[in-house]
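All values derive from a computational prediction rather than experimental measurement.
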Amino acid sequence: MISQVPLVYIASNGHSGSTLLDLLLGAHPTVWTLGEAQNLPWELRNRRAPCGCGQPVEQDDFWQAVLDDIPLEIEGYHIGYFRNIAQVGKVLRWKMLPDLFRNEISDEWRPAVQEYGTTNAQYFEAVRAEAEERTGTDIEWVVDNSKDPYRLFWLQHSGMFRTRAIHLVKDPRAFVYSMTKDDPADLTAVFRYTARWIIENAIIAAVVGKSIFDENVRRVTYDELAQHPKQTMQSIGDWLGLDYDPSRVDTFREYENHALSGNMMRWRESEEDIYYDESWRQHLPAPIARLIFLLASPFARDCGYPELHEANQ
């Protein structure tokens with residue numbers, strides 16, 4: 001039987017800074033990031049983006065060394081099940097929600113969860129073994145930036161993983177603007193993406209609050225990560241039992257990276273890699289910003305953001 005894989009799972013909305021957090025975690029020598037790990041079969045089939053080193057995934061020497069040891073079949077409850085084309089964008093997966101909110105796997109889903117956990121554990125262990133051989137260092141944590149809370153729920157309940165979960169949250173106004181910037185006054189889109197922010201974060205909060213012990217859960221806001229990356233990463237390192245030297249924040253692009261997917265900053269070479277993006281304050285109409293925060297409150301306050309009147313003083 002495979003021993004439990006030490007897993008750091010980043011759960012968040014898209015466009016919330018998860019690629020940055022993933023890269024900063026991977027700057028530590030005993031941490032190995034897979035990026036959006038569930039995307040591996042999809043990336044191999046579609047060849048949409050290179051891995052973190054810039055090479056196509058199927059041609060990269062790291063992935064060539066491990067692909068034969070990874071179950072890549074796309075039948076059943078495979079590693080890319082939640083990234084399947086039929087699953088993309090499914091914020092509310094109605095058949096799974098009862099289990100999630102009860103924090104219990106039903107008899108109907110138990111075989112699926114075990115299959116899913118086993119194949120993902122084999123995948124992560126193959127990657128971890130190759131990473132240790134290449135670096136000559138014991139890998140203490142593997143990082144999965146897949147973001148999907150349903151994936152986290154199944155991995156945790158499979159019993160195959162020793163999990164630490166980071167719930168990364170972005171200000172709802174910033175998130176909605178990032179999704180609607182072509183027309184930030186489009187009320188239909190504003191309502192849709194505000195609802196998405198609320199629902200996704202509520203589901204993430206339910207998963208991490210019910211299925212993972214409190215001491216193994218960390219909530220981080222995009223604001224603290226982007227504004228104070230050294231202090232934030234040192235604190236996360238302490239939580240993970242790592243001696244995280246804050247200077248690694250300045251050199252995070254120098255480590256070996258073969259992570260999957262993410263936004264364009266994964267491949268960008270720039271002297272200004274970390275910046276605090278507040279463009280929504282200049283470009284999002286003030287009435288729309290107030291509407292978003294009003295709709296998202298009070299859940300936004302629970303996620304580390306102030307009340308509307310405090311935010312606009």
Side-chain angles (χ1 to χ4, degrees), residues 8-31 33 35 52 140-141 143-145 147 164-178 197 200-201 204-205 208 214-255 257 259 262-266 268-284 289 292-293 296-297 299-313:
V8 177
Y9 193 95
I10 302 172
S12 74
N13 303 110
H15 295 250
S16 296
S18 63
T19 299
L20 173 61
L21 178 56
D22 178 69
L23 288 165
L24 291 173
L25 283 166
H28 193 279
T30 66
V31 175
T33 66
E140 297 183 55
W141 294 101
V143 180
D144 182 357
N145 182 30
K147 299 189 283 291
R164 295 289 182 95
I166 299 176
H167 181 184
L168 180 63
V169 189
K170 196 173 192 177
D171 186 305
R173 296 162 295 185
F175 169 74
V176 173
Y177 174 69
S178 73
W197 185 93
E200 285 186 333
N201 281 297
I204 293 170
V208 300
D214 289 347
E215 63 268 24
N216 294 331
V217 177
R218 180 71 180 264
R219 179 173 284 151
V220 178
T221 67
Y222 164 78
D223 301 72
E224 63 184 303
L225 178 65
Q227 287 184 293
H228 309 290
K230 292 184 178 180
Q231 298 95 314
T232 302
M233 294 310 301
Q234 188 171 26
S235 177
I236 291 174
D238 291 343
W239 172 64
L240 294 173
L242 304 171
D243 182 13
Y244 194 102
D245 184 345
S247 67
R248 294 187 182 278
V249 169
D250 298 322
T251 59
F252 71 92
R253 290 201 179 278
E254 297 179 8
Y255 77 96
N257 180 352
N263 68 29
M264 289 304 297
M265 81 162 299
R266 187 177 299 287
R268 185 183 302 135
E269 295 182 4
S270 169
E271 294 180 358
E272 297 182 359
D273 281 314
I274 300 177
Y275 67 95
Y276 181 43
D277 183 4
E278 286 191 294
S279 57
W280 68 270
R281 293 188 182 276
Q282 288 74 47
H283 303 294
L284 189 66
I292 293 167
F293 207 97
S297 184
F299 190 70
R301 295 198 300 270
D302 295 336
C303 289
Y305 288 96
E307 295 185 44
L308 179 62
H309 74 273
E310 295 174 334
N312 289 279
Q313 286 178 348

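The CG atom of Leu284 sits 4.5 Å away from the CD1 atom of Ile292 when rounded to the nearest 0.5 Å. Remark: Leu23 CG to Thr33 OG1 distance equals 6.5 Å, nearest 0.5 Å. Here Leu225 contributes atom CG and Leu21 contributes atom CG; the two are 5.5 Å apart, rounded to the nearest 0.5 Å. For the atom pair Trp280 CH2 and Asp171 CG, the distance stands at 5.0 Å (nearest 0.5 Å). Atoms CE and CG, from Met233 and Leu240 in turn, are 8.0 Å apart once rounded to the nearest 0.5 Å. One distance of note links CD1 of Ile10 with CD1 of Ile204; it measures 11.5 Å at 0.5 Å rounding.
For the pair Gly14 and Lys147, the tightest heavy-atom approach, listed with the atom from each and the gap, is CA-CE, 4.1 Å. Closest approach of Arg219 and Asp302 over heavy atoms only: NH1-O, 2.7 Å. Across every non-hydrogen atom of His15 and Ser178, the tightest pair is CB-OG, 3.4 Å. Shown here for Phe299 and Ala205, the closest heavy-atom pair between the two residues is CZ-CB, 4.2 Å. Across Cys303 and Val169, no two heavy atoms sit closer than the pair CB-CG1, 3.8 Å. Between Leu20 and Ile274, the closest heavy-atom pair is CD1-CG1, 3.7 Å.
Under the salt bridge (Lys or Arg N to Asp or Glu O under 4.0 Å) criterion, Glu140 pairs with no residue at all, not counting sequence neighbours. With sequence neighbours left out, Asp250 forms a salt bridge (Lys or Arg N to Asp or Glu O under 4.0 Å) with Lys230. Not counting sequence neighbours, the partners of Tyr222 by the ring pair (Phe, Tyr, Trp, His ring centres under 6.0 Å) test are Tyr276. Considering only residues two or more places apart in sequence or on other chains, Asn216 meets the side-chain contact (heavy atoms from CB on, under 4.5 Å) condition with Arg164, Ile212, Phe213. Remark: Asn145 pairs with Ser18 by the side chain to side chain donor-acceptor pair (under 3.5 Å) rule, at least two apart or across chains. Residues forming a side-chain contact (heavy atoms from CB on, under 4.5 Å) with Thr221 (at least two apart in sequence, or on another chain): Asp223, Glu224, Tyr305.
The main-chain N or O of Gly17 is never found under 3.5 Å from a side-chain atom of Lys170 such that the two would form a donor-acceptor pair. At distances below 3.5 Å, not a single donor-acceptor pair connects side-chain atoms of Trp197 with backbone N or O atoms of Ala296.
Sequence neighbours left out, the pairs with a member in residues 15-26 that pass salt bridge (charged side-chain N to carboxylate O under 4.0 Å, His left out) are Asp22-Arg266. Residues in residues 234-247 take part in these side chain to side chain donor-acceptor pair (under 3.5 Å) pairs, two or more places apart or across chains: Arg218-Ser235, Asp245-Ser247.
No side-chain heavy atom of Trp141 sits less than 4.5 Å from a side-chain heavy atom of Leu25.
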